[in-house]
Engineer: 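Could you have a look at this structure, given as structure tokens, before my questions?
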Number of protein chains: 2
Amino acid sequence: MREEEKLKKFLKAKGLKFTKEREDIIREIENTEGHFDPDGLFIKMKNRGSKVSRASVYRTINLLLESGIIDVVENIDRHKHYEKVKDKTHHDHMICIKCGKVIEFYSPTLEMLQQELCEKEGFTPTKHSLEIYGYCKQCYKK
Amino acid sequence: MREEEKLKKFLKAKGLKFTKEREDIIREIENTEGHFDPDGLFIKMKNRGSKVSRASVYRTINLLLESGIIDVVENIDRHKHYEKVKDKTHHDHMICIKCGKVIEFYSPTLEMLQQELCEKEGFTPTKHSLEIYGYCKQCYKK
DNA sequence: TGTTTATTGAGATTTAGTCTCAATTTTAAT
DNA sequence: ATTAAAATTGAGACTAAATCTCAATAAACA
Ligand SMILES: [Mn+2]
Ligand SMILES: [Mn+2]
Ligand SMILES: [Zn+2]
Ligand SMILES: [Zn+2]
């Protein structure tokens with residue numbers, strides 16, 4: 001299902017409205033590859049002529065987050081970065097502290113191991129975030 | 001080695017000075033158990049009569065971070081929380097999204113697995129942060 | 001179509017964190 | 001102990017992300 005459909009469904013279930021602005025924003029996000037941040041999204045939309053407000057961008061991003069359509073990736077500088085959850089399987093990140101490059105990876109073994117560790121603690125996980133910081137191949141050479 | 005000694009060493013190596021204020025702050029942190037945030041620390045010190053400034057608290061926390069004496073734990077609300085690295089081995093966190101309880105855990109298998117995954121990507125890790133969100137035993141029952 | 005209720009934008013507000021700069025303190029060398 | 005050089009301090013200004021306010025507007029649905 002497209003993100004737009006998911007959002008409509010989510011809004012309806014909560015008695016909220018699918019507005020022109022929310023449509024505009026979800027479509028922009030659908031056309032965005034990789035990671036993004038709210039203000040960057042807002043600027044991009046503004047530049048291509050959208051009249052949507054910064055407040056609405058922030059508000060809509062919070063709805064998308066709540067509905068599981070997007071997810072927080074990391075905190076850079078002092079603001080959050082997001083990515084679409086999409087049909088992507090869940091994955092984690094390696095982040096180069098030199099050039100900022102992000103490597104996405106997924107390991108079933110790692111996921112299973114986490115599940116086991118949670119069981120041992122009587123903890124019921126709903127989601128997790130693993131970020132490994134270090135140097136990518138290129139940056140390590142130098 | 002005590003945190004204060006580590007800080008002195010770190011400062012000396014960088015040609016920086018061990019001031020009364022830094023001493024005051026590192027001692028407050030030495031006497032703090034668990035997680036803490038800069039402003040909370042500042043208020044606590046102020047209340048017990050310290051004349052240290054908010055700016056110095058933030059500045060010193062950045063030095064402690066750089067020297068590896070403390071580490072970022074998580075972002076709550078919109079500000080960072082830290083903890084002492086101390087003689088504790090490295091560990092990760094399970095965080096209850098209901099009551100806020102934090103379970104610390106360490107798994108050598110998990111650490112090793114991460115190392116392997118990094119090698120596969122040609123990535124040289126320096127540190128990582130794994131946070132598992134979900135419900136603790138008590139909160140899950142309800 | 002009309003009524004209800006949620007949403008919008010503009011700008012104010014909040015807040016974590018950083019920056020500025022003159023005055024002060026530390027440090028190491030005399 | 002004096003001194004000079006360099007780092008640090010505190011007060012408050014500043015920055016920037018994110019949220020809030022509220023009157024005007026638009027969506028939803030009968
Ligand atoms: Mn990603
Ligand atoms: Mn901890
Ligand atoms: Zn790199
Ligand atoms: Zn709990």
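The chains referred to below are lettered A, B, ... by the order of the sequence lines, with proteins before strands, and numbering in each begins at 1. FYI, side chains are in, hydrogens and waters are out, and symmetry mates aren't considered; it's all heavy atoms of this structure.
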Engineer: I'd like to know whether B:Glu83 forms a side-chain contact (heavy atoms from CB on, under 4.5 Å) with B:Ile70, so could you lay out the CA-CA distance, the side-chain angles of the two residues, the decisive distance to 0.1 Å, and finally the verdict.
Structural biologist: CA-CA 5 Å; B:Glu83 71 180 354; B:Ile70 64 174; over 6 Å; no
Engineer: For the residue pair B:His35 and B:His93, is the inter-centroid distance of their aromatic rings smaller than 6.0 Å?
Structural biologist: yes
Engineer: Between the opening five pairs and the closing five pairs of the helix from C:dT1-D:dA30 to C:dT30-D:dA1, how far apart are the helix axes, to 10°?
Structural biologist: 40°
Engineer: Rounded to the nearest angstrom, tell me the gap between atom CD in A:Glu23 and atom C1' in C:dT8.
Structural biologist: 16 Å
Engineer: How many Å lie between CG on B:Leu65 and C1' on C:dG17, as a whole number?
Structural biologist: 13 Å
Engineer: Could you write out each protein N or O paired with an N or O of nucleotides 8-12 of chain D at a distance under 3.5 Å?
Structural biologist:
{"unit_1": "D:dT8", "atom_1": "OP1", "unit_2": "B:Lys17", "atom_2": "N", "d": "3.2"}
{"unit_1": "D:dT8", "atom_1": "OP1", "unit_2": "B:Arg22", "atom_2": "NH1", "d": "2.5"}
{"unit_1": "D:dT8", "atom_1": "OP1", "unit_2": "B:Arg22", "atom_2": "NH2", "d": "3.2"}
{"unit_1": "D:dT9", "atom_1": "OP1", "unit_2": "B:Thr19", "atom_2": "OG1", "d": "2.8"}
{"unit_1": "D:dG10", "atom_1": "OP1", "unit_2": "B:Lys51", "atom_2": "O", "d": "3.4"}
{"unit_1": "D:dG10", "atom_1": "OP1", "unit_2": "B:Ser53", "atom_2": "N", "d": "3.2"}
{"unit_1": "D:dG10", "atom_1": "OP2", "unit_2": "B:Ser53", "atom_2": "N", "d": "3.3"}
{"unit_1": "D:dG10", "atom_1": "OP2", "unit_2": "B:Ser53", "atom_2": "OG", "d": "2.5"}
{"unit_1": "D:dG10", "atom_1": "OP2", "unit_2": "B:Ser56", "atom_2": "OG", "d": "2.3"}
{"unit_1": "D:dG10", "atom_1": "N7", "unit_2": "B:Arg59", "atom_2": "NH2", "d": "2.8"}

Engineer: Under 4.0 Å, heavy atom to any atom of DNA chain D: which of residues 36-49 of chain A qualify?
Structural biologist: A:Pro38
Engineer: Looking at B:Tyr58, I'd like to know whether one of its side-chain N or O atoms comes within less than 4.0 Å of OP1 or OP2 on C:dT18.
Structural biologist: no
Engineer: Report the distance from atom CD1 of B:Ile76 to atom P of C:dA16, rounded to the nearest whole Å.
Structural biologist: 13 Å
Engineer: One thing to verify: whether B:Arg54 and B:Asp39 come together as a salt bridge, which I'm taking to mean a side-chain N less than 4.0 angstrom from a carboxylate O.
Structural biologist: yes
Engineer: When the distance from NE2 of B:His79 to C1' of D:dA18 is rounded to whole Å, what number comes out?
Structural biologist: 15 Å
Engineer: Can you identify which nucleotide, out of D:dA18, C:dT18, C:dA28, has its nearest atom closest to the A:Arg78 side chain?
Structural biologist: C:dT18
Engineer: Determine, step by step, whether A:Lys51 and A:Asp24 satisfy the salt bridge (Lys or Arg N to Asp or Glu O under 4.0 Å) criterion, reporting the C-alpha distance in whole Å, the side-chain angles of both residues, the deciding distance to 0.1 Å, and the verdict.
Structural biologist: CA-CA 10 Å; A:Lys51 290 277 181 293; A:Asp24 202 2; over 6 Å; no
Engineer: Look at all strands and tell whether A:Lys14 reaches a base, only sugar-phosphate, or nothing, counting heavy atoms closer than 4.0 Å.
Structural biologist: nothing
Engineer: Side-chain N or O of B:Asn62 less than 4.0 angstrom from OP1 or OP2 on C:dT18?
Structural biologist: yes
Engineer: Tell me, please, which residues at least two apart from B:Lys14 pass salt bridge (charged side-chain N to carboxylate O under 4.0 Å, His left out).
Structural biologist: B:Glu66
Engineer: So do the side chains of B:Ile26 and B:Leu64 get within less than 4.5 Å of each other, counting heavy atoms only?
Structural biologist: yes
Engineer: In terms of side-chain geometry, is the basic nitrogen of B:Glu23 or B:Arg27 positioned less than 4.0 Å from the acidic oxygen of its partner?
Structural biologist: yes
Engineer: Charged N to carboxylate O below 4.0 Å: is that the case for B:Asp71 and B:Lys84?
Structural biologist: no
Engineer: B:Lys12 NZ to C:dT26 C1': how many Å, rounded?
Structural biologist: 12 Å
Engineer: Apart from A:Tyr58 itself, which Ile, Leu, Val, Met, Phe, Trp or Tyr residues share its cluster (side-chain heavy atoms under 4.5 Å, direct or through members)?
Structural biologist: none
Engineer: Starting at CG of B:Asp77 and ending at P of D:dA17, how long is that distance when rounded to a whole Å?
Structural biologist: 18 Å
Engineer: For B:Thr124 and A:Lys137, which I'm curious about, is there any donor-acceptor pair between the side chains at under 3.5 Å?
Structural biologist: no
Engineer: Test of understanding: with salt bridge (charged side-chain N to carboxylate O under 4.0 Å, His left out), list the residues that count as partners of B:Arg2, not counting sequence neighbours.
Structural biologist: B:Glu4, B:Glu30
